[in-house]
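Working notes, structure below.
The basis for the numbers below is simple: all heavy atoms, side chains too, and nothing from hydrogens, waters or symmetry mates. Throughout, protein chains are lettered first and strands after them, A, B, ... in sequence-line order, and every chain is numbered starting at 1.
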Number of protein chains: 2
Amino acid sequence: MTIPRSAPRPTMKDVAARAGVSLKTVSRVVNREDGVSAGRVERVQRAAEELGYQPDAAAGNLRRSDRRSHAVGLLLSSAENPFDAWIQRGVEDVAAQRRTVVLAASSDESSQRELRIAQAFTARRVDGLILLPAGQDQSHLAREVERGTPVVAVDRPARGLRIDAVLADNRGGARAGVEHLMGHGHRRIAVLGHLASLHTAAERLAGAREALAAAGAALPDELVVQGLEDEQDAARAVHRLLDLEHPPTALFATRNVVSAGAFRALRERGELGRTALAGFDDFAAADLLDPPLTVITQEAYDLGRAAAERVFARMEDPRLAPETITIPTRRLIVRGSCGC
Amino acid sequence: MTIPRSAPRPTMKDVAARAGVSLKTVSRVVNREDGVSAGRVERVQRAAEELGYQPDAAAGNLRRSDRRSHAVGLLLSSAENPFDAWIQRGVEDVAAQRRTVVLAASSDESSQRELRIAQAFTARRVDGLILLPAGQDQSHLAREVERGTPVVAVDRPARGLRIDAVLADNRGGARAGVEHLMGHGHRRIAVLGHLASLHTAAERLAGAREALAAAGAALPDELVVQGLEDEQDAARAVHRLLDLEHPPTALFATRNVVSAGAFRALRERGELGRTALAGFDDFAAADLLDPPLTVITQEAYDLGRAAAERVFARMEDPRLAPETITIPTRRLIVRGSCGC
DNA sequence: CTGAAAGCGCTTACAG
DNA sequence: CTGAAAGCGCTTACAG
């Protein structure tokens with residue numbers, strides 16, 4: 001049995017030798033510069049083809065004046081989360097147009113992992129960084145920002161860092177959702193919130209409050225639940241709310257897993273169709289439920305695209321002032337759970 | 001207004017100058033080699049800290065003997081697809097342990113995009129490549145494989161390339177699903193298949209056939225539908241099946257979007273609870289449906305992990321013979337739609 | 001324990 | 001149109 005010996009990877013030097021030209025001529029052909037005679041172009045191309053030459057992107061970069069790695073880092077919360085996955089897809093699509101690859105990693109909401117990943121990315125000299133900030137402080141990126149690397153926060157603003165942010169219109173979306181419930185006559189509406197420390201949770205609660213206040217309705221403390229992390233939390237909270245002396249007649253959930261848990265609890269109590277429900281964030285099969293769930297959708301794909309576009313804009317003009325870009329929460333998808 | 005001038009990024013040379021030592025001493029300290037006096041280690045570390053020095057990973061690599069980029073490429077079908085996203089997460093988690101970053105991109109089932117992305121990855125000299133093969137031929141990667149880059153196919157085998165593959169037990173899972181339906185007395189079971197050209201679709205159909213054959217039941221052509229690409233396709237197919245003179249008494253869907261479409265059609269016909277339904281691949285909220293959906297789950301996370309582990313194993317021993325690793329489709333989640 | 005020289009694979013800046 | 005030399009930021013191989 002012969003041991004497969006991996007053929008050594010050819011370099012420009014090898015191509016030059018085979019084509020009988022100088023290194024520099026190969027470089028010119030490979031980079032499609034002109035000023036090389038047709039015959040030589042041909043010979044170099046054939047030699048490169050025969051050897052299976054592929055330029056080494058990193059080596060080329062080292063001496064190149066613009067020092068672009070043609071890579072951007074994307075620091076998500078959890079890559080398997082559909083919201084994060086759609087952001088990634090938006091980033092990928094913009095990056096692909098610019099011949100840029102995407103380095104992706106998940107922080108799992110840990111500041112420590114965020115720091116480590118950010119360092120791994122900057123050690124590779126990414127041309128830009130898009131992050132869904134975890135924890136309370138992103139100042140570890142300050143030096144990188146000073147050095148001119150475009151860094152853009154997505155979904156939540158960064159803290160301790162003056163950078164661009166691309167956010168959803170969380171407040172407006174929540175307002176629209178609660179207004180819709182009020183349109184069905186509800187005034188006693190409970191808000192089921194996720195982790196209070198998160199920007200999105202705070203904004204959506206604020207939006208719900210605004211909608212109620214504008215209609216002269218109250219949002220008593222007993223109808224505000226925060227810190228719901230999963231379906232079980234949400235289901236338990238709904239059971240407690242329905243046990244109140246004056247239970248809410250409608251529920252507004254600030255996140256998709258919370259909506260799902262609320263739905264489950266309403267079903268367990270036989271309250272589906274009686275207590276109304278609307279939620280922030282769509283999810284697969286929400287329209288197959290009975291009644292189908294009314295939701296505000298977030299355009300995570302657009303968030304990703306906008307963040308990536310901002311990174312590239314800043315690469316072209318590093319002097320842009322940091323901005324917060326708000327992506328409209330475009331659609332209230334009225335299905336049945338709201339009472340429609 | 002002052003124009004923010006980005007501070008130039010310091011190099012080892014700058015650190016050496018500041019610490020008053022040679023370049024090589026800085027290199028030793030940065031790489032934690034020993035044989036440097038404590039005082040110098042201290043001085044170098046302080047200088048590096050003050051300048052905010054960060055080694056350039058690519059530059060270091062260039063001369064380094066092992067030539068590891070500490071990056072792997074992950075070529076998915078569609079990053080926003082939950083199945084793909086879970087694979088990514090599995091790959092990420094294994095890569096993170098090895099201090100390796102993940103380059104991710106989506107082919108959208110286009111051979112051309114697959115080729116372009118693979119080239120972008122190899123131009124960056126990734127240490128390994130994991131791909132969910134798109135199209136009919138991956139021989140464009142043959143040269144890279146010969147050169148010793150570990151390349152692993154995930155979810156589907158590659159074609160025109162003898163490489164490792166990490167696949168789900170599609171056949172066994174489908175068999176288990178159909179057997180479960182037969183356990184409820186069904187013998188006239190329709191199979192709702194996705195794109196016939198895909199390995200997963202063929203295997204799952206084969207598994208369903210096997211289960212029926214083993215019980216001496218037939219799978220007549222009129223009960224086999226293939227090429228279903230989305231919920232609408234699936235719903236239409238179910239309507240046609242139910243219009244047959246002898247409609248099926250149970251449906252087996254080979255993919256989650258197909259299950260969802262089938263569910264919708266059954267609801268539209270008032271057949272929920274009468275015609276049984278089971279599907280391959282779980283999805284969010286499948287358990288909130290009424291009746292909740294019985295499914296075979298795929299462990300996409302495990303597929304991703306196994307593929308990444310194989311890449312690293314092959315980096316350590318390039319002489320490993322190409323293998324097909326089958327990940328069990330571990331669980332039949334029996335909910336209500338099967339008739340239980 | 002320390003460092004000067006050469007070299008990784010390429011581009012830049014320059015000379016012919 | 002063509003190429004020899006220097007250099008990007010680092011590591012290697014070697015000498016002291």
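- Whole-Å rounding puts the A:D34 CG to D:dT2 P distance at 12 Å.
- Applying the 4.0 Å criterion to OP1 and OP2 of D:dG9, one finds that B:T11 has every side-chain N and O outside that range.
- Considering only side-chain N and O atoms, A:T25 lies under 4.0 angstrom from the phosphate OP1 or OP2 of D:dG3.
- Within residues 35-44 of chain A, the residues that place at least one heavy atom under 4.0 Å from DNA chain D are, in residue-number order, A:G35, A:V36, A:S37, A:R40.
- Residues satisfying the side chain to side chain contact (heavy atoms under 4.5 Å, CB included) test with A:R98, not counting sequence neighbours, are A:T100, A:F312, A:E316.
- Note on A:D93 versus A:R89: salt bridge recorded, some NZ/NE/NH1/NH2 to OD/OE distance being below 4.0 Å.
- Distance check, rounded to the nearest 0.5 Å: CZ of A:R147 to CD of A:E144 gives 7.0 Å.
- A side-chain donor from one of B:H140 and B:E114 sits under 3.5 Å from a side-chain acceptor of the other.
- Of the N and O atoms on the side chains of B:T25 and B:S22, at least one donor lies less than 3.5 Å from an acceptor on the other residue.
- Using a 3.5 Å distance cut-off with no hydrogens or angles, the side chains of A:D137 and A:S139 do pair a donor with an acceptor.
- In this structure, B:D56 places its CG atom 14 Å from C1' of D:dG7, rounding to the nearest Å.
- Between the CD atom of A:E33 and the P atom of C:dC10 there is a distance of 14 Å, given to the nearest Å.
- B:L23 has its CG atom 9 Å from the P atom of D:dT11, to the nearest Å.
- Within the structure, a side-chain polar atom (N or O) of B:S27 is placed less than 4.0 Å from OP1 or OP2 of D:dT11.
- Between the CZ atom of B:F83 and the OG atom of B:S78 there is a distance of 11.5 Å, given to the nearest 0.5 Å.
- Inter-residue side-chain proximity for B:D34 and B:R28 is flagged as unmet; no heavy-atom pair is nearer than 4.5 Å.
- An OP1 or OP2 oxygen of D:dG7 is reached within less than 4.0 angstrom by no side-chain nitrogen or oxygen of A:R63.
- Applying the side-chain hydrogen bond (donor to acceptor under 3.5 Å, both in side chains) test to every pair with at least one member in residues 124-134 of chain A, sequence neighbours left out, gives these pairs: A:S69-A:D127.
- With rounding to whole Å, A:K24 atom NZ is found 7 Å from C:dT11 atom P.
- Both A:D66 and B:L62 lie near DNA chain C, and the one whose nearest nucleotide falls closer to the 5' end is B:L62.
- Contact annotation: the side chain of B:R67 approaches that of B:L62 to within less than 4.5 Å [non-hydrogen atoms, C-beta and beyond].
- Between D:dT11 and B:N61, no contact under 4.0 Å exists linking OP1 or OP2 to a side-chain N or O.
- Separating the NZ atom of B:K13 from the P atom of D:dC10 is a distance of 11 Å, rounded to the nearest angstrom.
- The local environment of CD in A:E50 is crowded, with over 12 non-hydrogen atoms from other residues, nucleotides or ligands closer than 6.0 Å.
- Listed by first then second residue, pairs satisfying side-chain hydrogen bond (donor to acceptor under 3.5 Å, both in side chains) with a partner in residues 150-163 of chain B read B:E109-B:R156, B:Q136-B:R159, not counting sequence neighbours.
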Point to revise | Dot-bracket summary - DNA chain C, pairs being Watson-Crick or G-U whose distances fall under 3.5 Å, with | when paired to another strand | key: |||.||||||||.|||
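- Distance A:R124 CZ to D:dG9 C1': 16 Å, rounded to the nearest Å.
- Atom pair B:R67:CZ and D:dC10:P shows a separation of 16 Å (rounding to whole Å applied).
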Anything under 3.5 Å between a protein N or O and an N or O of nucleotides 14-16 of chain D, put it in a table, one pair a line.
none

